Amino acid sequence: MPGRIQSIERAVAVLRLLDTADQPLELHEIADTLGLARTTTHGIVSTLRELGLVGQMHDHGPFHGRYEVAEAARLFGRGGPDPHELRSLAMNWADSLAAQTGLAVTLGVPTRADVLVVHHVFRPDGSPQRLAIGQRRPLHASALGKALLAFASGGARRLQGSDLTAYTQRTIRTHQALAEALAIVRQDGLATEDGELEPDRGSIAAPVHGTGGLAVAALAIFGRRDELFDGHGGPDHGLADATKATARALTRQVQTLW
């Protein structure tokens, strides 16, 4: 049996990205979001244009030169994993991560405005805890949100024009600072939340990618700040590696189905 064809997977990821974007995207935005070289992205987009699946704006307005999905491509439907399916796939991995780290684990999926927690494993020490399933996390002030936002259509631009609510003194408050933080997330494949949502709490998260690189969920561990971060404010290496490894394993499983 032949293997999967990477170029087709990437082309589908480009179409999904453009289809879910809130406005037309520039070439570098597509490349950065999916982690592709710009020359590779240009080749994919050019081919999709010739096939009538992608259009380029030529109205000399603010979106001039940007790309959007063509109406013909919408006939294929969006597809994608259902949150309940993701939760089912993630259960064993989340249990394992909680046991390995001794911390609570959550799985979040993106919505238009925030992150929805669809799975939660309590930390295994038996301490009093409240179930987080169904709760929502802000995109700019949570590790789950930043992990998703870094690999989502539109990225930080999705929040432009809106106020970044300050939950604590450590919350990111400017769009420039958020863009810089997301660039680091894309580089490291890891997002952190160090007292940004709650003063004494923190979180470390990694994205779960669908076929082609678009983030479909994020997996996070959370607890006290002193449990997660070292004296220099960086994430504990062992915890960070465990979170990334578990997210990669879940990514492989997700990509076999979607």
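Keep in mind the model is a prediction, meaning the values are calculated, not measured.
- A 4.5 Å side-chain heavy-atom check between Val54 and Arg49 finds at least one atom pair inside the cut-off.
- To the nearest 0.5 Å, atom CG of residue Leu219 and atom OG1 of residue Thr243 are 7.0 Å apart.
- In summary, of the residues considered (Lys146, Arg170, Arg137, Arg225), a salt bridge (charged side-chain N to carboxylate O under 4.0 Å, His left out) with Glu196 occurs for Lys146 alone.
- The distance from the CG atom of Leu139 to the CD1 atom of Ile172 is 11.5 Å, given to the nearest 0.5 Å.
- Under the 3.5 Å distance criterion, the side-chain polar atoms of Gln129 are matched with a main-chain donor or acceptor of Arg123.
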Evaluate side-chain contact (heavy atoms from CB on, under 4.5 Å) for Val216 paired with Val109, printing each intermediate quantity in order.
-> CA-CA 6 Å; Val216 296; Val109 297; over 6 Å; no

Please walk me through it: do Glu68 and Leu18 pass side-chain contact (heavy atoms from CB on, under 4.5 Å)?
-> CA-CA 6 Å; Glu68 61 179 353; Leu18 293 174; 5.7 Å; no

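- The cluster map of Ile, Leu, Val, Met, Phe, Trp and Tyr, joined by side-chain heavy atoms under 4.5 Å apart, puts Leu53 and Leu27 in the same cluster.
- Using a 4.5 Å cut-off on side-chain heavy atoms (C-beta onward), Thr174 and Leu164 make no contact.
- Across all non-hydrogen atoms, the minimal contact from Val117 to Leu144 is CG2-CD1, 4.3 Å.
- Of all the heavy atoms in Phe229 and Ser203, the pair that sits closest is CZ-O, 3.9 Å.
- Under a 3.5 Å cut-off, the side chain of Glu193 and the backbone N or O of Gly202 do not form any donor-acceptor pair.
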Thr165 and Thr171: side-chain contact (heavy atoms from CB on, under 4.5 Å), yes or no, with the steps?
-> CA-CA 8 Å; Thr165 301; Thr171 305; over 6 Å; no

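- Proximity of a side-chain donor or acceptor of Ser46 to a complementary backbone N or O of Gly43 within less than 3.5 Å is not detected.
- With rounding to the nearest 0.5 Å, the separation of OG in Ser142 from OH in Tyr167 is 8.5 Å.
- For the pair Arg38 (side chain) and His28 (backbone), a donor-acceptor distance under 3.5 Å is absent.
- Between the side chain of Thr168 and the main chain of Gly195, a donor-acceptor pair closer than 3.5 Å is present.
- Using a 4.5 Å cut-off on side-chain heavy atoms (C-beta onward), Thr111 and Arg136 make contact.
- Between His209 and Phe151, the ring-plane angle classifies as perpendicular under the 30° and 60° cut-offs.
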Are Val105 and Thr246 close enough, and set up right, to give a side-chain contact (heavy atoms from CB on, under 4.5 Å), and what steps lead you there?
-> CA-CA 11 Å; Val105 176; Thr246 305; over 6 Å; no

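- For the pair Leu25/Arg66, no side-chain contact is recorded, criterion being any heavy-atom separation below 4.5 Å from C-beta on.
- Taken to the nearest 0.5 Å, the CE atom of Met57 stands 12.5 Å off from the OH atom of Tyr67.
- Hydrophobic clustering keeps Leu86 apart from Met91 (ILVMFWY residues linked when any side-chain heavy atoms are closer than 4.5 Å, directly or through intermediates).
- Within the model, atoms CG of Leu228 and CD1 of Ile204 stand 5.0 Å from one another, a figure rounded to the nearest 0.5 Å.
- Two different hydrophobic clusters hold Leu116 and Ile133 under the rule that ILVMFWY side chains link at heavy-atom gaps under 4.5 Å.
- Environment of NE2 in His237: sparse, with no more than 12 heavy atoms of neighbouring residues, nucleotides or ligands closer than 6.0 Å.
- The two residues Val254 and Gly210 have their closest heavy-atom pair at CG1-CA, 4.4 Å.
- For the pair Glu180/Ile184, no side-chain contact is recorded, criterion being any heavy-atom separation below 4.5 Å from C-beta on.
- Considering all non-hydrogen atoms of both residues, Pro235 and Leu190 come closest at CG-CD2, 4.2 Å.
- Formation of a donor-acceptor pair under 3.5 Å by the Arg87 side chain with backbone atoms of His119 is not found in this model.
- For the pair Thr40 (side chain) and Leu36 (backbone), a donor-acceptor distance under 3.5 Å is absent.
- Under the 4.5 Å side-chain heavy-atom criterion for ILVMFWY residues, a single connected hydrophobic cluster contains both Leu103 and Val208.
- Looking only at atom types and distance, the side chain of Asp194 has no donor-acceptor partner in the side chain of Thr192 under 3.5 Å away.
- The structure places CG of Leu239 at 8.5 Å from CG of Leu97, a figure rounded to the nearest 0.5 Å.
- Between Gln100 and Ala242, the shortest heavy-atom contact is NE2-CB, 3.6 Å.
- Between the side chain of His140 and the main chain of His175, no donor-acceptor pair closer than 3.5 Å is present.
- Closest of all the heavy-atom pairs between Ala31 and Thr41 is CB-OG1, 3.3 Å.
- Looking at Lys244, its side chain does come within 3.5 Å of a backbone N or O of Asp188 through a donor-acceptor pair.
- Between Arg173 and Asp163 there is no salt bridge, since no side-chain nitrogen of the basic residue lies less than 4.0 Å from a carboxylate oxygen of the acidic one.
- Taking the side chain as every heavy atom from C-beta outward, Leu107 and Leu250 approach each other to under 4.5 Å.
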